[in-house]
**Student:** 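Dumping the structure here so I can ask a few things about it.
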Amino acid sequence: MPELNEAQSGATKIGRLGELFLQKGLLTEAQVEQISVEQREKKLRFGDAALALGLLSQAEIDSALGEQFGVGSKDLYNGSADKKLRFFHAPFSKEAEEIRGLRSELLLKYGAQEKIKFALISPGTAEGKTYMAASLAIALSQVGRKTLLIDADLRTGNLHELFSLGVRDGLSSVLIGRLAMSDALIPLMPNLHILPAGPRAPNPLEILRAPRLRELLDSCHDQFDAFVFDTCAASESSDAQMVAHQIGVALLVAQKDLTVLSDLRQTRSDMQAAGVNVIGTIYNQYAPQGDSTGLRAKISALLRRLPFFRRAV
């Protein structure tokens, strides 16, 4: 946990972290005083003293630290973030740090370009693509990039479930002209909006055909600085290829012990055949012992053209 130097002597002085917990109603003034005494006697940080006394959980402390340093979770304008979103709920976790590292590599990759836009592509399902799209969108928004997270999986898209938004109109509604883009966007937090997939369509590939997505991007070009697209599994249809073709840039996603290397190479080949610039591969390594709550161990950003793929260490 990051160092918080809130030295106190003599009369109790409530630090900024203590004030934050008071405002949230998680501590009383008497409990803050109790923690302060524990701090002085055992020379502990505020959070460590609160943990030792059993007055706060590590998750509550991490969330407060995140708010204090401007990198943590905030209340959503709409819905609520799934506990799987570790970047949102545990901003000081190893996983969140890896995602920030990936964000940094993306920002360096795009350099001085005015806009960031890319599609997350994986060969199959359950490889962490949707989770990564949501995490990267949150991460980009937290460094001041006005970000639009778009669920372009019109077959099985479930980004809305990560934010408990329920079934809403979305991309499919906009592309068929049923709803204006401005009416379909849902604000999630400062600098972040989401465009969910919308109602299931019987003909998603036709709805996604060029240049519809490109025109959609043009229509909100001035409103956002970054565009993050989730897509359908590349092996299940041509939808992902159609989406990536119109965006122009793709990040591949692979998962340890699940993604087959030959499938990943085929996906890259298909993307390049469609004129897509594949800027790298994200390698997800899940924690052992069947941890199904999200990416835990490592997220390795491989934003290099060659070698195409290597194991994370």
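The basis for the numbers below is simple: all heavy atoms, side chains too, and nothing from hydrogens, waters or symmetry mates. Since we're looking at a predicted model, the values are computed, not measured.
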**Student:** Below 4.5 Å, heavy atoms only, C-beta onward: do Ser173 and Pro199 meet side chain to side chain?
**Tutor:** yes
**Student:** Counting C-beta onward and ignoring hydrogens, is there a side-chain heavy-atom pair between Phe229 and Leu120 closer than 4.5 Å?
**Tutor:** no
**Student:** Linking I/L/V/M/F/W/Y whenever any side-chain heavy atoms sit under 4.5 Å apart, do Ile279 and Val253 land together?
**Tutor:** yes
**Student:** If you take all heavy atoms of Ala126 and Gln255, which pair is closest and at what distance?
**Tutor:** O-OE1, 2.6 Å
**Student:** Kindly say whether Lys146 contributes a backbone atom to a donor-acceptor pair with the side chain of Asp225 at under 3.5 angstrom?
**Tutor:** yes
**Student:** Are any side-chain N or O atoms of Arg103 and backbone N or O atoms of Ala139, one a donor and one an acceptor, separated by less than 3.5 Å?
**Tutor:** yes
**Student:** Just checking Arg200: does its CZ atom have more than 12 heavy atoms from other residues, nucleotides or ligands closer to it than 6.0 angstrom?
**Tutor:** yes
**Student:** Mind listing the closest non-hydrogen atom pair of Thr231 and Lys129 along with its distance?
**Tutor:** O-NZ, 2.5 Å
**Student:** Quick one: pull up CG in Leu217 and CD in Gln246 and give me the separation to the nearest 0.5 Å.
**Tutor:** 8.5 Å
**Student:** I'd like to know if Glu105 pairs up with Lys109 as an ion pair, taking the criterion as any Lys NZ or Arg NE/NH1/NH2 lying under 4.0 Å from an Asp or Glu carboxylate oxygen.
**Tutor:** no
**Student:** To the nearest 0.5 Å, what is the distance between CG on Leu171 and CZ on Arg212?
**Tutor:** 10.5 Å
**Student:** Has Glu38 got a side-chain atom pairing as donor or acceptor with Leu53's backbone, closer than 3.5 angstrom?
**Tutor:** no
**Student:** Could you tell me if the side chain of Ser122 sits less than 4.5 Å from the side chain of Met132, heavy atoms only?
**Tutor:** no
**Student:** Of all the heavy-atom pairs spanning Ala96 and Pro91, show the shortest one and how long it is.
**Tutor:** CB-O, 3.5 Å
**Student:** Nearest 0.5 Å please: distance from the CD atom of Gln34 over to the CG atom of Leu55.
**Tutor:** 5.0 Å
**Student:** Would Leu107 and Leu140 count as a side-chain contact (heavy atoms from CB on, under 4.5 Å) if you check the C-alpha gap in whole Å, the side-chain angles of each, and the deciding distance to 0.1 Å?
**Tutor:** CA-CA 9 Å; Leu107 292 172; Leu140 287 167; 4.1 Å; yes
**Student:** Verify, without hydrogens or angle tests, whether Tyr131 (side chain) and Lys84 (backbone) share a donor-acceptor contact under 3.5 angstrom.
**Tutor:** yes
**Student:** Any donor-acceptor pair under 3.5 Å linking the side-chain atoms of Asp230 with those of Thr130?
**Tutor:** yes
**Student:** Checking Phe46 against Phe21 for the side-chain contact (heavy atoms from CB on, under 4.5 Å) test, could you report, in this order, the C-alpha distance in whole Å, the side-chain angles of both residues, the deciding distance, and whether it holds?
**Tutor:** CA-CA 11 Å; Phe46 184 94; Phe21 284 117; 3.7 Å; yes
**Student:** Hydrophobic clusters here meaning ILVMFWY residues chained together by side-chain heavy-atom distances under 4.5 Å, can you tell me if Leu185 and Ile116 are in one?
**Tutor:** no
**Student:** Is the backbone N or O of Pro187 less than 3.5 Å from a side-chain atom of Asn78, with the two atoms forming a donor-acceptor pair by type?
**Tutor:** yes
**Student:** With the 4.5 Å side-chain cut-off for hydrophobic clustering, are Leu106 and Phe87 part of the same group?
**Tutor:** yes
**Student:** Has Ser219 got a side-chain atom pairing as donor or acceptor with Leu216's backbone, closer than 3.5 angstrom?
**Tutor:** yes
**Student:** So, His89 side chain and Ala81 main chain: donor-acceptor pair closer than 3.5 Å or not?
**Tutor:** yes
**Student:** Taking side chain as C-beta onward, heavy atoms only, is Leu205 less than 4.5 Å from Ser238?
**Tutor:** yes
**Student:** So do the side chains of Leu76 and Phe163 get within less than 4.5 Å of each other, counting heavy atoms only?
**Tutor:** yes
**Student:** Between Val249 and Val243, is there a shared hydrophobic cluster once you connect ILVMFWY residues whose side-chain heavy atoms come closer than 4.5 Å?
**Tutor:** no
**Student:** Mind checking whether His193 and Phe224 have parallel, tilted or perpendicular rings, split at 30° and 60°?
**Tutor:** perpendicular
**Student:** Taking the basic N atoms (NZ, or NE/NH1/NH2) and the acidic carboxylate oxygens, is any pair closer than 4.0 Å for Arg100 and Glu97?
**Tutor:** yes
**Student:** Do the non-hydrogen side-chain atoms of Leu195 and Leu149 ever get within less than 4.5 Å of each other?
**Tutor:** no
**Student:** With no hydrogens and no angle check, just 3.5 Å: does a side-chain donor-acceptor pair link Asp153 and Thr156?
**Tutor:** yes
**Student:** Just wondering, do Val278 and Gln272 contact through their side chains at under 4.5 Å, heavy atoms?
**Tutor:** yes
**Student:** Considering all heavy atoms of both residues, which atom of Ser235 and which atom of Pro123 are nearest to each other, and what is their separation?
**Tutor:** OG-O, 2.6 Å
**Student:** Any chain of hydrophobic side-chain contacts (each under 4.5 Å) joining Val143 to Phe118?
**Tutor:** yes
**Student:** What distance do Ser262 atom OG and Arg265 atom CZ have between them, rounded to the nearest 0.5 Å?
**Tutor:** 9.0 Å
**Student:** Distance check, rounded to the nearest 0.5 Å: Leu192 atom CG versus Ser141 atom OG?
**Tutor:** 4.5 Å
**Student:** Kindly say whether Gln142 contributes a backbone atom to a donor-acceptor pair with the side chain of Arg145 at under 3.5 angstrom?
**Tutor:** no
**Student:** Quick one: does Pro196's side chain get under 4.5 Å of Ile186's, heavy atoms only?
**Tutor:** yes
**Student:** Dump the intermediate steps for side-chain contact (heavy atoms from CB on, under 4.5 Å) on Asn191 and Thr147, then the final yes or no.
**Tutor:** CA-CA 6 Å; Asn191 296 320; Thr147 303; 5.7 Å; no
**Student:** Would Cys220 and Leu148 count as a side-chain contact (heavy atoms from CB on, under 4.5 Å) if you check the C-alpha gap in whole Å, the side-chain angles of each, and the deciding distance to 0.1 Å?
**Tutor:** CA-CA 9 Å; Cys220 57; Leu148 176 58; 4.1 Å; yes
**Student:** Going from CD1 on Ile121 to CZ on Arg268, what distance comes out if it is rounded to the nearest 0.5 angstrom?
**Tutor:** 14.5 Å
**Student:** Lys115 side chain to His221 main-chain N or O, any donor-acceptor pair under 3.5 Å?
**Tutor:** yes
